[in-house]
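Only one structure is covered here, and it is reproduced in the block below.
Atoms within each ligand, like the ligands themselves, are counted from 1 in listed order.
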Amino acid sequence: MKALVKSHATIGLWQEDRPTPEIGPEDVLIKVHKTGICGTDIHIWNWDDWAARTVPVGLIIGHEFAGEIVEMGAQVQGLALGQRCSGEGHLIGKLSRQSRAGRFHLDPATRGIGVNENGAFAQYLRLPAFNVVPLPEGISDDIGAILDPLGNAVHTALSFDLVGEDVLITGAGPIGIMAAAVARHVGARHVVITDVNQTRLDLAARVADVTPVNVAHEDLRDVQIRLKMAEGFDVGMEMSGNPQALDQMVASLVMGGKIAMLGIPPGMAPVDWSKIVFKAITIKGVYGREIFETWYKMIAMLQNGLDVSKVITHRFKAADFAQGFEVMRSGQSGKVVLDWTCQPPDHQRFVSV
Ligand code: NAD
Ligand code: ZN
């Protein structure tokens, strides 16, 4: 099969021919239809310090995917050949207290496909059946391929009650934009999203009914006055990873406000803790998706009018992956989706499926 591999410890990715994965009794084999390029994949392409520390050379990368089941292990129940699916890319351990209590997303032994284990940027992916999430008919492969980052957005957005609240999102990357759409969908009053990249703010306004603010040119306090917000934002979602955005968020929140933090700062960053203490602010770190509650909620919302389709701005054939990565690296895109169905079906095992 064709696969995108981190073949060398330097910038870039390489298409290689790899054997189609063998599956174990509790696994399925998924024929990949579409994949999403994630910021994580850009770190791996760039081979920054984090990637060099974390990702083994020779790994098939990618973790955002949709496809169909073409082979099932002997122990697999409740799934069927031909089932369209996406799936949770975090492979959890089963031994920790958290995992045994059913809080799977908090298992410390979690390993990621496309980061620690072979991933989804390939014609076929081996995945534990436990991780499979079937796709209902109304959810396309394109949307299926971005459920992983939508899940980050949903997990963050549902961390605090947003009904009737004023919400500030810092960072209009794909995840910030989708979180804004979710906040609007679940009944927030004002949803303000900030960035310093005008292309992304324009995209945010096309995807959801939000107030985009370019903090390079506009003062958030003026925006609050314009929106007739007396005291400040009730809930913040930090989705830029920029420490200045967190400062701005703390300054813009009400007394007793809440922050859900998904953005990952590049390293140690100074924080004015006294402001957080005197404002009695609650901060929650958010990692991944709740397994599988986030998946149920997001699929239900997609079936009930949540529309994030416009966040996908570019589509490429998998063979043209380099163009897709170039667009993502430029910062002038939303989600970029790669199509694997154009690759020749080069494996005899599945011709009848
Ligand atoms: P992204 O890098 O595409 O978007 C971040 C955006 O923040 C960019 O558009 C950038 O211009 C903007 N930004 C930079 N400085 C800003 C400032 N001062 N104020 C406002 N915006 C500013 O990232 P993404 O893929 O949308 O992901 C969002 C964040 O979440 C990233 O930090 C990513 O690393 C992180 N992430 C965390 C998890 C997790 O499980 N915790 C999962 C996925 C992504
Ligand atoms: Zn991702």
Would you please indicate yes or no on a ring centroid separation below 6.0 angstrom for [Y] and [X]?
X	Y	value
F121	H63	no
H33	W340	no
F130	F104	yes

Among all protein heavy atoms in this structure, tell me which lies nearest to [atom], with the distance rounded to 0.1 Å.
atom	result
atom 17 (C) of ligand 1	A245 CB, 3.9 Å
atom 43 (C) of ligand 1	N152 OD1, 3.5 Å
atom 35 (C) of ligand 1	L262 O, 3.6 Å
atom 8 (C) of ligand 1	D195 OD2, 3.4 Å
atom 7 (O) of ligand 1	S240 CB, 3.3 Å
atom 44 (C) of ligand 1	I175 CD1, 3.6 Å
atom 3 (O) of ligand 1	R200 NH1, 2.8 Å

Check whether [X] reaches the backbone of [Y] with its side chain - one donor and one acceptor, N or O, closer than 3.5 Å.
X	Y	value
D27	G24	yes
K275	V250	no
S159	H155	yes
D17	K2	no

Below 4.0 angstrom from a heavy atom of [X], which ligand 1 atoms are there? Numbered from 1 as shown, please.
X	answer
P174	3 (O), 26 (O)
T194	20 (C), 21 (N)
G173	3 (O), 4 (O), 6 (C), 9 (O), 26 (O)
M239	5 (C), 28 (C), 29 (C)
N242	15 (N), 16 (C), 18 (N)
G288	39 (C), 40 (O)

Checklist line | Contact check: I264 vs ligand 1, nitrogen or oxygen atoms, below 3.5 angstrom | finding: yes
Item checked: Nitrogen or oxygen atoms of V286 and ligand 1 under 3.5 Å apart -> yes
Next item on the list: Can you confirm whether something in the protein, heavy atoms only, sits under 4.0 Å from atom 23 (O) of ligand 1?
Entry: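 Flag for atom 23 (O) of ligand 1 set to false, no protein heavy atom closer than 4.0 Å.
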Next item on the list: Work out which heavy atom in M1 is nearest to a heavy atom in Q123; give both atom names and the distance.
Entry: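 Where M1 meets Q123 most closely, the heavy atoms are CA-OE1, 3.5 Å.
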Item checked: Q332 atom CD: more than 12 heavy-atom contacts under 6.0 Å -> yes
Notebook entry, point to check: Can you find a pair of side-chain heavy atoms, one from L125 and one from I113, that are under 4.5 Å apart?
Noted result: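 Side-chain contact under 4.5 Å: yes.
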Next item on the list: Answer yes or no as to whether an N/O/S atom of E64 is found below 2.8 Å from the Zn ion (ligand 2).
Entry: yes
Notebook entry, point to check: Would a hydrophobic clustering, with Ile, Leu, Val, Met, Phe, Trp and Tyr connected at side-chain separations under 4.5 Å, put L81 with L127?
Noted result: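 Yes, it is one cluster - the side chains of L81 and L127 are joined through contacts under 4.5 Å.
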